[in-house]
Amino acid sequence: MTETLHTPVRPYGADSPFAHLLDIAAQTVGAPSEDEQRDEAETAAAHHLYNDFPYSLAQVVDAIDWRGYPAVREAGQRLWEASAVAWLDGGLWLHHTLRSAEDDGASDVLTLIVPCTCGRGYTDITLDCEDLLMEILAELRPTHGRSVHHAALLDCASVPAASSAVDDPEGKADLEMQALDAIRG
């Protein structure tokens, strides 16, 4: 004999305040989709530039220039927050993410990714303020946007340089992923 399972009857009406609260909770508790995470990462990056770098980066990087990436999860744990990157040309990138901490909430982290003069990779520089950016740009000017290679520091080879990949869109996407891996790794 086959038993029939019946859905239990709700003790509240379908149009009751409690039913509406449950609907609201179901909408807010769910994790944002990857598209929503990308959009939020792009918006957060543009917002950070407009607020903290209004006289430099906000003048040359538009909101549409950012490309968002969803958070990376492994075994249910978030390894990296959602982030966004912007191509500055000449092999330079901006990377933005929000770092979350239980004690102080989220904070913006903006990183300038710069190719090394050795041609083997990139270095990353965390930008805390517009004054620091101006100092970094002054240092990069004589090398035409390349970080000076130091043989004792092995971090520039963390992301191998791609040969002329920036001329085609697929190569540019590969460079974006390499740059993200360097920041995350």
Side-chain angles (χ1 to χ4, degrees), residues 37-38 41-72 74 78-101 104 106-185:
Q37 290 180 49
R38 285 184 182 96
E42 291 167 3
T43 301
H47 181 74
H48 181 59
L49 261 57
Y50 295 142
N51 285 322
D52 292 358
F53 297 87
Y55 304 110
S56 57
L57 293 172
Q59 300 295 316
V60 297
V61 179
D62 293 322
I64 198 166
D65 295 332
W66 290 99
R67 182 170 177 183
Y69 291 89
V72 175
E74 186 175 289
R78 183 176 288 193
L79 296 178
W80 296 293
E81 300 292 333
S83 62
V85 295
W87 172 245
L88 297 178
D89 208 1
L92 286 85
W93 298 87
L94 284 175
H95 175 270
H96 178 271
T97 192
L98 289 172
R99 296 269 164 81
S100 298
D104 62 356
S107 61
D108 291 285
V109 178
L110 184 65
T111 307
L112 178 64
I113 303 168
V114 181
C116 184
T117 54
C118 73
R120 292 191 335 239
Y122 292 83
T123 57
D124 54 271
I125 304 161
T126 302
L127 302 173
D128 296 329
C129 63
E130 213 156 29
D131 292 337
L132 176 62
L133 172 64
M134 293 301 120
E135 289 177 27
I136 298 298
L137 293 175
E139 291 177 14
L140 294 175
R141 189 174 186 86
T143 60
H144 305 288
R146 302 289 185 257
S147 64
V148 177
H149 179 74
H150 298 285
L153 302 175
L154 301 176
D155 65 345
C156 76
S158 62
V159 179
S163 60
S164 68
V166 296
D167 294 332
D168 71 277
E170 290 179 17
K172 188 174 175 183
D174 289 341
L175 281 176
E176 286 179 3
M177 292 309 297
Q178 289 176 359
L180 281 173
D181 289 341
I183 295 297
R184 290 176 173 166

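All values derive from a computational prediction rather than experimental measurement.
Proximity of N51 to H47: side-chain heavy atoms (C-beta onward) are separated by under 4.5 Å at one or more points. With a 4.5 Å cut-off on side-chain heavy atoms, Y69 and V85 count as touching. Within the 4.5 Å cutoff, the side chain of L112 has heavy atoms near those of the L92 side chain. Here the side chains of L94 and T111 are not in contact, with every heavy-atom distance at 4.5 Å or above. Side-chain contact between S83 and H96: absent, with no pair of heavy atoms (C-beta onward) separated by less than 4.5 Å.
Looking at E81, its side chain never comes within 3.5 Å of a backbone N or O of A71 through a donor-acceptor pair. Checking side-chain atoms of T97 against main-chain N and O of A82 turns up a donor-acceptor pair under 3.5 Å.
In this structure, CZ in R141 is found 9.5 Å from CG in L137, a value given to the nearest 0.5 Å. Atoms CD1 and CG, from I136 and L140 in turn, are 6.5 Å apart once rounded to the nearest 0.5 Å. Distance check: C129 SG to L110 CG gives 11.0 Å after rounding to the nearest 0.5 Å. Atoms CG and CE, on D131 and M134 in that order, are 8.5 Å from each other to the nearest 0.5 Å. To the nearest 0.5 angstrom, T123 atom OG1 is 10.5 Å from R146 atom CZ. To the nearest 0.5 Å, the span separating CG on L49 from CH2 on W66 amounts to 5.5 Å.
Looking at every heavy atom in both residues, S147 comes nearest to V114 through N-CG1, 3.5 Å. Across every non-hydrogen atom of G91 and P115, the tightest pair is O-CD, 3.3 Å. The shortest heavy-atom contact between G68 and A41 is CA-CB, 4.4 Å.
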Contacts under 3.5 angstrom, residues 52-65 side chains, donor-acceptor by atom type, not counting sequence neighbours:
| from | atom 1 | to | atom 2 | distance (Å) |
| --- | --- | --- | --- | --- |
| D52 | OD2 | H48 | ND1 | 3.1 |
| S56 | OG | E130 | OE2 | 2.7 |
| Q59 | NE2 | P54 | O | 2.7 |
| D65 | OD2 | D62 | N | 2.8 |

